[in-house]
Amino acid sequence: MSGVIVTDPPKAELKDVDALAGFGVATVSEAMGRTGLLGPGIRPVQQGVRVAGTAVTVLSWPGDNLMIHAAVEQCGEGDLLVVTTTSPCTDGLFGELFATALQQRGVRGVVINTGIRDTQELRDMGFAAWSRAVSSQGTVKATGGSVNVPIAIDGQVIRPGDVILADDDGVVVVPRERARETVERSEAREAKEAATRAAFLDGQLGLDRYGLREKLRDLGVVYRTYEEHEGVRP
């Protein structure tokens, strides 16, 4: 497998990346029209952490982490490494030594569609990580791949410079051109949810706030007392 290392790709503005870090993954995905989510198989190795960064993408051969070494050189302040392989792999491609090198360069975390190891060490050093699997299985450094090219994880295309937001609920990708728009839409969604939260605290029901009683009626759902229901059962 041959490959390419692309240098200096366009990136989302860091101020927009940092603003998106103020919202949850669910909020941002909803703000984009329920899009951008990576599947539920990508899970955090820590809890209570949310990070956002600009994607440095890696396409590697299964069981081979050579291109992660190549990608470290392309990473800088505010980036987040995103790794996948040409076919399914759960080997431990990433661990504490990679995290040490990346943290020194200002990288905010890693999302890897394979296995990860040294999870306790990653938590101890405060390096945020999301992975498909946890595995101690080692790797080789033998096959070429690519850095900073579009990759796909769980049907989502991730380009270098796109925004990656990750928290306990999962991972979402925001196209770099939509970063500012998504910040604004997320702010509006949070304001709407705050109003709904206040209404619920005041005792209002979702059935009334969202007009769902009419929806139930239109769908033919009826209310009956227990005695009525027991009397009409066959």
Closest heavy-atom contact between [X] and [Y]?
{"X": "Val149", "Y": "Thr57", "answer": "O-OG1, 2.6 Å"}
{"X": "Ser136", "Y": "Arg117", "answer": "O-NH1, 2.8 Å"}
{"X": "Pro150", "Y": "Pro160", "answer": "N-CD, 4.0 Å"}
{"X": "Ile158", "Y": "Ala55", "answer": "CG2-CB, 4.0 Å"}
{"X": "Arg176", "Y": "Asp162", "answer": "N-OD1, 2.9 Å"}
{"X": "Leu20", "Y": "Val183", "answer": "CG-CG2, 3.6 Å"}

Determine whether a donor-acceptor pair (N or O, by modelled atom type, separation under 3.5 Å) exists between the side chain of [X] and the backbone of [Y].
{"X": "Arg105", "Y": "Val72", "result": "yes"}
{"X": "Arg50", "Y": "Asp167", "result": "no"}
{"X": "Thr86", "Y": "Trp61", "result": "no"}
{"X": "Thr225", "Y": "Glu228", "result": "yes"}
{"X": "Arg159", "Y": "Pro175", "result": "no"}
{"X": "Gln103", "Y": "Met125", "result": "yes"}
{"X": "Asn113", "Y": "Val83", "result": "no"}

Which residues end up grouped with Val157 if you chain together Ile, Leu, Val, Met, Phe, Trp and Tyr wherever their side-chain heavy atoms are less than 4.5 Å apart?
none
Please output the side-chain donor-acceptor pairs of residues 62-71 that fall under 3.5 Å, not counting sequence neighbours, one pair per line with the distance.
| unit_1 | atom_1 | unit_2 | atom_2 | d |
| --- | --- | --- | --- | --- |
| Asp64 | OD1 | Leu66 | N | 2.9 |
| Asp64 | OD1 | Ala142 | N | 3.4 |
| Asp64 | OD2 | Ala142 | N | 2.7 |
| Asp64 | OD2 | Thr143 | N | 2.7 |
| Asp64 | OD2 | Thr143 | OG1 | 3.2 |
| Asn65 | ND2 | Leu93 | O | 3.3 |
| Asn65 | ND2 | Thr139 | OG1 | 3.1 |

Evaluate the side-chain contact (heavy atoms from CB on, under 4.5 Å) criterion for residues Phe98 and Val107: first the C-alpha distance (whole Å), next the side-chain angles of each, then the deciding distance (0.1 Å), finally the verdict.
CA-CA 11 Å; Phe98 272 137; Val107 174; over 6 Å; no
Distance-only donor-acceptor hits, side chain of residues 4-13, under 3.5 Å, sequence neighbours excluded:
| unit_1 | atom_1 | unit_2 | atom_2 | d |
| --- | --- | --- | --- | --- |
| Lys11 | NZ | Asp79 | OD1 | 2.9 |
| Lys11 | NZ | Asp79 | OD2 | 3.1 |

Results of salt bridge (charged side-chain N to carboxylate O under 4.0 Å, His left out) for Asp154 - residues two or more places apart only:
Arg132
Could Arg108 and Asp18 be called an ion pair, given the rule that one side-chain N must be under 4.0 Å from one carboxylate O?
yes
At what distance, to the nearest 0.5 angstrom, does OG of Ser186 lie from CD of Glu193?
10.0 Å
Quick check: are there more than 12 heavy atoms from other residues, nucleotides or ligands sitting under 6.0 Å from CZ of Arg185?
no
For atom CD of Glu177, decide whether the heavy atoms of other residues, nucleotides or ligands shown that lie under 6.0 angstrom number more than 12.
yes
Below 4.5 Å, heavy atoms only, C-beta onward: do [X] and [Y] meet side chain to side chain?
{"X": "Thr114", "Y": "Thr90", "answer": "no"}
{"X": "Leu122", "Y": "Ile116", "answer": "yes"}
{"X": "Val171", "Y": "Ile153", "answer": "no"}

Quick one: do Val147 and Ile112 end up in the same hydrophobic cluster if we chain Ile, Leu, Val, Met, Phe, Trp and Tyr together by side-chain heavy atoms under 4.5 Å apart?
yes
State plainly whether one hydrophobic cluster holds both Leu14 and Leu81, where clusters connect Ile, Leu, Val, Met, Phe, Trp and Tyr through side-chain heavy atoms under 4.5 angstrom apart.
no
Report the relative orientation of the aromatic rings in Phe94 and Phe127; use parallel for angles under 30°, tilted for 30 to 60°, perpendicular for over 60°.
parallel
Going by atom types only, do Glu96 and Thr100 share a side-chain donor-acceptor pair under 3.5 Å?
yes
Distance-only criterion, 3.5 Å: show the donor-acceptor pairs between side-chain atoms of residues 213-220 and protein atoms not counting sequence neighbours.
| unit_1 | atom_1 | unit_2 | atom_2 | d |
| --- | --- | --- | --- | --- |
| Arg213 | NE | Asp208 | OD1 | 2.5 |
| Arg213 | NH2 | Asp208 | OD2 | 3.4 |

Show me the donor-acceptor pairs, under 3.5 Å and distance only, between side chains in residues 29-44 and residues at least two apart or in other chains.
| unit_1 | atom_1 | unit_2 | atom_2 | d |
| --- | --- | --- | --- | --- |
| Ser29 | OG | Thr35 | O | 3.0 |
| Thr35 | OG1 | Met32 | O | 3.1 |
| Arg43 | NH1 | Asp168 | O | 3.4 |
| Arg43 | NH2 | Asp168 | O | 2.9 |

